[in-house]
Engineer: 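Shown below is the structure under consideration.
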Amino acid sequence: MQNAYRLYRLEPLICARWCHPGLPVLGQRLELPPMRFFITLIASSIAFLAYPAVAEPFEHQVNAILEEAGEGTRWGVVVADSTGTELLTMDPDGRFMPASNTKIFTTTAALWLASSGDGLTDRGGGASVRLVPSGRTGPPDAVLTGYGDAWMSGAADCASDCLSTLADAVAGRTREVHDVIGDATVFPDQRWSPGMSWNNIPTRSGTAISALSIDSNELAATISPGALGNPPEVDFPTYFTVENYARTVPGASEAITYDRVPGSQTLILTGTIGTESEPSRLRLGVDDPAHYAAWQLAEMLRVRGVRVSGNIDVRRRPLLPEDDPAIRGTAPAARAPEEPALAYLNPPPLDDDILLINKISQNLHAELLLRRLGRIRGSGSIADGQAVIRAMLDEAGVAEHGVSLSDGSGMSSYNRVSPRSMVRLLTWVSGQPWGDQWRVTLPVGGKDGTLGRRFTDTALAGRISAKTGSINATRALAGYMTARSGRQLVFAIYANDVPDDVDATAIMDRALLQIAAAN
């Protein structure tokens, strides 16, 4: 059957090379000298017959590895060389949930826009503080305004981009303020992107997004064993309260769980911790970062001897139809004039932001970067940020149906990407003047970032740089790798609808090793 199959494929090839158009193969007189025809036919036939012997096992071996995931898992794969020529495809135009592969679009769009001369606005996103009349006789209000800086810190050992710098500025001007106000109106209030799972909200992965953010919008709590049979001890800022239903049990194991109703500042603690267990450190998401930042500023002012006689308050801007560029059209986005401030902060440069986003897959930084991109030509909405990404994809020649995004980080279950579209983008990026600048921000297999523990002691250690992606029932990896021959390959591989008992990451890595070995 295999020989018959090869001859079946060989006949049209012979005809295409030597037959006159419109005539059948059988009985066709060939207009080549007999010896020349015979040599050419033998050489072509040998070359053709040899091709399946190389290519088919390569594809079959990769397929056999991926099939180990069993029923249910949906795979999408495209591998191409540096010119964009595809070497392997599997459902290349299928639409897959990309998880944190989404960050590829956000970070490349930032460098693409920067290369065009459009820089990020508002002094790189640094926060400011100003004193304004409170509207009554008495002390002024302290207004803390955010511009999308994801780096501002309230830590006691903060060395740069510190909220304490702004607190010092206020303390140097007055001994009393009335209200401390967190102003997050630079972006419309879209604290969570469409399609993000609500159960992620209490965690650091799903913390709220705000123009005024601090400490990665996370709050740290330390859980230590208590007396046997009693609740464990909880150490964390008084911004949250706790309902402690956890128990201290014998042994050294720890199984602490927690939850928080969205919008609530009450942490519900359950589970167990052993009397011999090391303290457990939790990193909790904050639902109202602007309020949390203003609360921290008020605490710092009190430490500096500044009386806060009023309340902690927040200013937000609702999402309106005109925040959608499809509705706004060519009309400029409305923007309130910026008022002078006592002091400003200067966060790290864009390259540092992109490095952090891609290396450790930092969600908050990616989401704020998307909104900052959207503010360059729009209002700072998610839709405005996505318009920037779409403009880049158009220039890269990526089909519109191949990429549909609802956020900048990949936490949204609405995001969809085709493997072919991702490989097309990555191939285009590698040819841009800023392509190498972006590529070095990717995790490197067996070396650093989210690939630091993958591909160790394999042929791809140090030879694969790619963005990971992981969310419920989804695994993703896309980037670049050096094959055994030294060829540079561009790839995207997605596993969606993965059953709970399947290790799709391990299967994916084995498939990539096979691809590298065969090329």
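What you are looking at is a predicted structure, and each value in this text was computed from that prediction instead of being measured. Counting from 1, the numbers follow the sequence of the chain as shown.
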Engineer: I'd like to know if the side chain of Arg204 and the backbone of Ala220 have a donor-acceptor N/O pair within less than 3.5 Å.
Structural biologist: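 The answer is no, because no donor-acceptor pair under 3.5 Å joins these two groups.
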Engineer: For Thr207 and Asn217, run side chain to side chain donor-acceptor pair (under 3.5 Å): C-alpha distance rounded to whole Å, both residues' side-chain angles, the deciding distance at 0.1 Å, then the answer.
Structural biologist: CA-CA 6 Å; Thr207 191; Asn217 295 346; 4.8 Å; no
Engineer: Within a strict 4.5 Å, meaning less than it, do heavy atoms of the Trp192 and Ile201 side chains meet?
Structural biologist: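 Side-chain contact under 4.5 Å: yes.
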Engineer: In terms of side-chain geometry, is the basic nitrogen of Glu400 or Arg390 positioned less than 4.0 Å from the acidic oxygen of its partner?
Structural biologist: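 Here Glu400 does not pair with Arg390 in a salt bridge, since their nearest N and O are not under 4.0 Å apart.
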Engineer: side-chain hydrogen bond (donor to acceptor under 3.5 Å, both in side chains) with Asp189: which residues, sequence neighbours excluded?
Structural biologist: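 By the side-chain hydrogen bond (donor to acceptor under 3.5 Å, both in side chains) rule, Asp189 matches Arg191.
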Engineer: Taking only residues two or more places apart in sequence or in another chain, which ones pass ring-ring contact (aromatic ring centres under 6.0 Å, His included) with Trp151?
Structural biologist: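 Trp151 satisfies ring-ring contact (aromatic ring centres under 6.0 Å, His included) with His365 once adjacent residues are dropped.
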Engineer: With a 4.5 Å heavy-atom cut-off, do Ser100 and Asn363 have their side chains touching?
Structural biologist: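 Yes - at least one pair of side-chain heavy atoms lies under 4.5 Å apart.
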Engineer: Run Ser379 and Asp323 through side chain to side chain donor-acceptor pair (under 3.5 Å) and show every step you take.
Structural biologist: CA-CA 6 Å; Ser379 71; Asp323 291 307; 2.7 Å; yes
Engineer: Going through the distances and angles, do Ile507 and Trp75 end up as a side-chain contact (heavy atoms from CB on, under 4.5 Å)?
Structural biologist: CA-CA 11 Å; Ile507 294 172; Trp75 290 100; 3.8 Å; yes
Engineer: Is the shortest side-chain heavy-atom distance between Met196 and Asp407 below 4.5 Å?
Structural biologist: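 A side-chain contact under 4.5 Å is absent here.
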Engineer: How long is the gap from CZ on Arg487 to CE on Met481, to the nearest 0.5 Å?
Structural biologist: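 The CE atom of Met481 is 10.5 Å from CZ of Arg487, to the nearest 0.5 Å.
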Engineer: Please examine the side chains of Phe58 and His60, heavy atoms only from C-beta on, and report whether any two atoms are closer than 4.5 Å.
Structural biologist: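 A side-chain contact under 4.5 Å is absent here.
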Engineer: Any ion pair linking Arg371 and Asp384 (charged N to carboxylate O, less than 4.0 Å)?
Structural biologist: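 Judged by the 4.0 Å cut-off on N to carboxylate O distance, Asp384 and Arg371 do not form a salt bridge.
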Engineer: Name the orientation class of the two ring planes belonging to Trp434 and Trp428 (parallel below 30°, tilted from 30 to 60°, perpendicular beyond 60°).
Structural biologist: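 Geometry flag for Trp428 against Trp434: perpendicular rings.
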Engineer: Could you give the distance from CG (Asp235) to OG1 (Thr222), rounded to the nearest 0.5 Å?
Structural biologist: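 Between Asp235 CG and Thr222 OG1, I get 5.5 Å after rounding to 0.5 Å.
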Engineer: Can you check whether Ile223 reaches Tyr258 side chain to side chain, under 4.5 Å on heavy atoms?
Structural biologist: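 Of all side-chain heavy-atom pairs linking Tyr258 with Ile223, none is under 4.5 Å.
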Engineer: Would you say Ser413's side chain and Gly195's backbone share a donor-acceptor pair under 3.5 angstrom?
Structural biologist: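 Confirmed, Ser413 side chain pairs with Gly195 backbone.
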Engineer: Quick check against the 3.5 Å criterion: does Asn496 have a side-chain atom that pairs as donor or acceptor with the backbone of Arg74?
Structural biologist: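 Side chain of Asn496 to backbone of Arg74, a donor-acceptor pair under 3.5 Å: no, none is there.
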Engineer: Checking the side chain of Ser216 only, and the main-chain atoms of Glu218 only, is there a donor and an acceptor separated by less than 3.5 Å?
Structural biologist: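 Such a contact is absent between Ser216 side chain and Glu218 backbone.
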Engineer: Does the side chain of Gln488 pick up a donor-acceptor pair with the side chain of Thr482 at under 3.5 Å?
Structural biologist: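 Thr482 and Gln488 do have a side-chain donor-acceptor pair below 3.5 Å.
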Engineer: Determine whether a donor-acceptor pair (N or O, by modelled atom type, separation under 3.5 Å) exists between the side chain of Ser210 and the backbone of Leu212.
Structural biologist: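 Present.
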Engineer: Do the side chain of Lys467 and the main chain of Ile104 share a donor and acceptor less than 3.5 angstrom apart?
Structural biologist: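 Checked: no pair found.
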Engineer: Give, for atom NE2 of His401 and atom CZ of Arg416, the distance between the pair rounded to the nearest 0.5 Å.
Structural biologist: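 Here the rounded value is 14.5 Å.
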Engineer: Between Arg439 and Tyr480, is NZ or CZ placed under 6.0 angstrom from the six-membered ring centre and within 45° of the ring axis?
Structural biologist: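 The answer is yes, since Arg439 meets both limits relative to Tyr480.
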Engineer: Gln296 vs Asp215, test: side-chain contact (heavy atoms from CB on, under 4.5 Å). Steps then yes/no.
Structural biologist: CA-CA 11 Å; Gln296 284 210 51; Asp215 296 332; 3.0 Å; yes
Engineer: Does Asn472, at its CG atom, have more than 12 non-hydrogen atoms belonging to other residues, nucleotides or ligands within less than 6.0 Å?
Structural biologist: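 12 or below, so no.
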Engineer: Is there side-chain contact between Leu405 and Thr102, with heavy atoms separated by less than 4.5 Å?
Structural biologist: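 Yes. Closest side-chain heavy atoms under 4.5 Å.
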Engineer: Measure from the side-chain N and O atoms of Asp81 to the backbone N and O of Thr83, and report whether any donor-acceptor pair falls under 3.5 Å.
Structural biologist: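 Yes; at least one donor-acceptor contact below 3.5 Å.
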Engineer: Would you say the side-chain atoms of Ser412 and Ser193 include a donor-acceptor pair closer than 3.5 Å?
Structural biologist: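 Ser412 vs Ser193: no donor-acceptor pair found between side chains.
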Engineer: Which value, rounded to the nearest 0.5 Å, describes the distance between Leu219 atom CG and Phe240 atom CZ?
Structural biologist: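 It comes to 5.5 Å.
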Engineer: Could you check if a side-chain atom of Gln190 sits within less than 4.5 angstrom of a side-chain atom of Ile209, using non-hydrogen atoms only?
Structural biologist: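 They are not in side-chain contact.
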Engineer: Which word best sums up how the rings of Trp295 and Tyr292 line up, parallel for under 30°, tilted for 30 to 60°, or perpendicular for over 60°?
Structural biologist: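 Plane angle under 30°, so parallel.
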Engineer: Do Ser409 and Glu367 have side-chain N/O donor and acceptor atoms under 3.5 Å apart?
Structural biologist: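 Present: a donor and an acceptor within the cut-off.
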Engineer: Between Ser418 (side chain) and Ser421 (backbone), is there a donor-acceptor pair under 3.5 Å?
Structural biologist: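 Yes; judged by distance alone, with no hydrogens or angles, the pair exists.
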Engineer: Side-chain contact, heavy-atom cut-off 4.5 Å: Asn101 with Tyr494?
Structural biologist: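 In contact.
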Engineer: Does Glu278, at its CD atom, have more than 12 non-hydrogen atoms belonging to other residues, nucleotides or ligands within less than 6.0 Å?
Structural biologist: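 Incorrect, the count does not exceed 12.
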Engineer: Within this structure, what is the CE-OG distance for the pair Met152 and Ser213, rounded to the nearest 0.5 Å?
Structural biologist: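 Here the rounded value is 7.5 Å.
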Engineer: Can you give me the closest heavy-atom contact between Ile471 and Ala99, atom names plus distance?
Structural biologist: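 Looks like CG2-CB, 3.9 Å.
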Engineer: Please determine, by modelled atom types, if Thr275 and Thr248 share a side-chain donor-acceptor pair under 3.5 angstrom.
Structural biologist: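 No pair is found: no donor N or O on one side chain lies under 3.5 Å from an acceptor on the other.
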Engineer: Is it the case that the side chain of Asp93 and the backbone of Arg420 share a donor-acceptor pair, with hydrogens and angles ignored and the cut-off at 3.5 Å?
Structural biologist: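 Such a contact is absent between Asp93 side chain and Arg420 backbone.
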Engineer: Run the side chain to side chain donor-acceptor pair (under 3.5 Å) test on Glu243 and Thr266 for me, step by step, so that the C-alpha distance in whole Å, both residues' side-chain angles and the decisive distance to 0.1 Å come before the verdict.
Structural biologist: CA-CA 7 Å; Glu243 293 180 5; Thr266 299; 5.1 Å; no
Engineer: About how many Å separate CG of Leu451 and NZ of Lys359, when rounded to the nearest 0.5 Å?
Structural biologist: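 Answer for the NZ-CG pair, Lys359 versus Leu451, is 8.5 Å.
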Engineer: For Pro325 versus Ala387, what's the shortest heavy-atom pair and its separation?
Structural biologist: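 In terms of heavy atoms, the two residues are closest at CG-CB, 4.1 Å.
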Engineer: List the steps and the verdict of side-chain contact (heavy atoms from CB on, under 4.5 Å) for Gln61 and Ile515.
Structural biologist: CA-CA 9 Å; Gln61 289 167 9; Ile515 292 167; over 6 Å; no
Engineer: As a quick check of understanding, evaluate side chain to side chain donor-acceptor pair (under 3.5 Å) for Arg95 and Ser404, giving each step before the final call.
Structural biologist: CA-CA 9 Å; Arg95 290 164 58 85; Ser404 301; 3.1 Å; yes
Engineer: Quick check against the 3.5 Å criterion: does Arg463 have a side-chain atom that pairs as donor or acceptor with the backbone of Ala483?
Structural biologist: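 Yes, the answer is positive, given that a donor and an acceptor are paired below the 3.5 Å cut-off.
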Engineer: Can you check side-chain contact (heavy atoms from CB on, under 4.5 Å) on Asn244 and Val234, steps first, answer last?
Structural biologist: CA-CA 8 Å; Asn244 193 348; Val234 184; 3.6 Å; yes
Engineer: Might you point out which heavy atoms bring Asp394 and Val398 nearest each other, and give the distance in Å?
Structural biologist: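 Heavy atoms only, the tightest pair is OD1-O, 4.5 Å.
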